[in-house]
Amino acid sequence: MKPGNLTRIITILAILFFYLPIIVVIVFSFNSSKSPEWTGFSLRWYYQLFTSSGYIWRTFLNSIIVGVSSSIVSVVLGTLGAISVYLGSKKFRKVMWTTTYIPFTIPDIIIGVSLLIFFTTLNVRLSLFTIFIAHVTFSMPYTMMIVLTRLHDFDKSIIEAAYDLGATKSVALRKVIVPVAMPGIIAAFFMAFTLSIDDFVITFFVAGPSSTTLPLQIFSMVRFGISPVINAISTLLLLGTIFMSVALRRYVRYII
Amino acid sequence: MPGSSVSIIEVDKYFGDFHVLKNVSLEIEENEFFSLLGPSGCGKTTLLRIIAGLEDVDDGDVLLDDKSILNLPPNKRPVNTIFQNYALFPHLSVYENIAFPLRLKKFSESEIKRRVDWLLNLVRLEEHAQKKPSQLSGGQKQRVSLARALANEPKVLLLDEPVSALDAKLRQELLIELDNLHDRVGITFIYVTHDQAEAISISDHVAVMNSGVVVQYGTPYEVYESPADTFVANFIGESNLMKGDVVEILSDEYIAVEFPSFGKVICYRDKPVKVDDTVLITLRPEKVRIMHNKPTPSDGIPGNVVHGIVDEVIYMGYQTKYFIKTDEGYILKVYKQHVSYLLDERIIKWKDEVFLYWNPDDSFIVEVEEN
């Protein structure tokens, strides 16, 4: 066998291994019985999801609320940070790169525990708000890096050109820097949203009794045995993600 | 639109400990095409950015029509810049790029359209108005940045190596276009380049810079024909630089110089020297004539004749570059221009024995070391 064929086979097997569990979830969401063997096609779990699973939808709504709000705030802060790094001196840029990179390497569990300690020390009641704060915190390094990557595609001379052509600093920011950064800003928003929607570890620490998000809900349901309803909602989530990534193809290259 | 005169008065600039501009003074006349010429790192771009307002000075002043502009931010100066990498706004079309400064000035839509159309016509880009910068070629991008910089009707246009990113042929075309544009808009152009051929081909005046100092200021002709020092002689065009000792003062105008490399020749006495001084003589390769037969110097001024062997032949089409090894082993560059094709001409080949001849006026002193 040629070495080229071997690497190809290994790659195909690895991809299969990666996609197989996902395919199983999709297939079994259409299974007619609860048992883990195929008994025939049915939409009963989807029916159950849409008619008698209000508690799931409440947690889904919580996830959406936290996802949208934390992504917006994270993108605004990340964009401002990226612009200040882009315009800043070399030294400032170096310091900022390092301080933004470090959070990528800190394990989620440590971020979760430290945020929990932080909130309890300040006597903040755990709620959707604390989840929102936590999500802004962990997604901001990502949004900042994505916007910065976009800005670095362009030479700083476009800003000097704007000044030269009569723009004040604030006009240059509104008419040149932000529009140029926009593809990165959009990519950053969806990155932050994705991170927020599926975060479990950090959310687990900072969620209060009445602020369950969808991943937490799914986890607690799994503890009592796998319900095919979970397969159904997972399939829908997957569809949503695929749809989003296709729609955002042109921004994908800025997503890390 | 009339241009302005620019005066640079004793400007000093430091980047940290690095003294970029050392007491630089220059007078740039209104409406002229002025070039700042020098190798990279000589401070020419920094000087341009100081005029644009993108850099501060540490000392000195910059005047526009005799009024200081140092207190004005870049957006308030009647000066616009062409950046080396074009600096077009990537999110705006060609039309909107050119309209950018006009929109900031709150012109009416019809006035903006009238002006942008005029500028698009000026740089011949009418049919590209709706394209994005990423869809344009390098030359087209540079023409957009020209139109955009002229939209504000500046008094002075600053050009930072505007053609250096283009290929040689396009560079020539754009240079001619720039020259025509200068004639049409009639404002002051300050052109920064490291390419001596560009600078001397289109400028009214040239300032040659080296290590933060203006080493020579003059017309392109003056700078080429009488370089102020060895640096200029080497930087502008090509030259043979030879070190020798003054052996005899022949007259007020001529001296005899003994070179260890090829004997005694007569040189022009453009600097005060006395016998025994060591001098550095420059001789442009195209001023030397090359022939097979020993020439007889014409009457009046005695010519310089040197004997040698062709060491290297570089055929360029329009000219041939010969490297001649003199009897003493010195290599002298000689460029022979091909004016007409002669069937009966005996072509000078590698290893041929040749005689070189030049007018003493063409070998002159660039530096003197007193002994």
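Labels below follow one simple rule: chain letters A, B, ... track the order of the sequence lines, proteins then strands, and each chain is numbered from 1. Computed from a predicted model, the values in this text were never measured in an experiment.
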Side chain, backbone, both or neither: which part of A:Lys156 has a heavy atom under 4.5 Å from chain B?
neither
Less than 4.5 Å to any heavy atom of chain B: does that hold for the side chain of A:Val171, its backbone, both, or neither?
side chain
What part of B:Arg148 lies closer than 4.5 angstrom to a heavy atom of chain A: side chain, backbone, both or neither?
both
Within the 3.5 Å criterion, strictly below it, is a donor on A:Ser74 or A:Thr143 matched to an acceptor on the partner's side chain?
yes
Could you look at A:Ala172 and say if it's the side chain, the backbone, both or neither that has a heavy atom under 4.5 Å from chain B?
neither
Where does B:Leu158 contact chain A at under 4.5 Å (heavy atoms): side chain, backbone, both or neither?
neither
For chain A, the option from B:Leu92, B:Leu88, B:Asn85 that forms the most heavy-atom pairs under 4.5 Å
B:Asn85
Within a radius of less than 6.0 Å around OH of A:Tyr101, do more than 12 heavy atoms belonging to other residues, nucleotides or ligands occur?
no
Using heavy-atom distances under 4.5 Å, tell me whether B:Ala151 contacts chain A through its side chain, its backbone, both, or neither.
neither
Among B:Ala149, B:Ser145, B:Pro90, single out the residue with the greatest number of heavy-atom pairs under 4.5 Å to chain A.
B:Pro90
Could you tell me whether the side chains of A:Ser69 and A:His135 share a donor-acceptor contact shorter than 3.5 Å?
no
Would you say A:Asp164's side chain and B:Asn80's backbone share a donor-acceptor pair under 3.5 angstrom?
no
Looking only at side chains, do B:Asp195 and B:Thr193 share a donor and an acceptor under 3.5 Å apart?
no
Is the distance between the ring centroids of B:His205 and B:Phe34 under 6.0 Å?
no
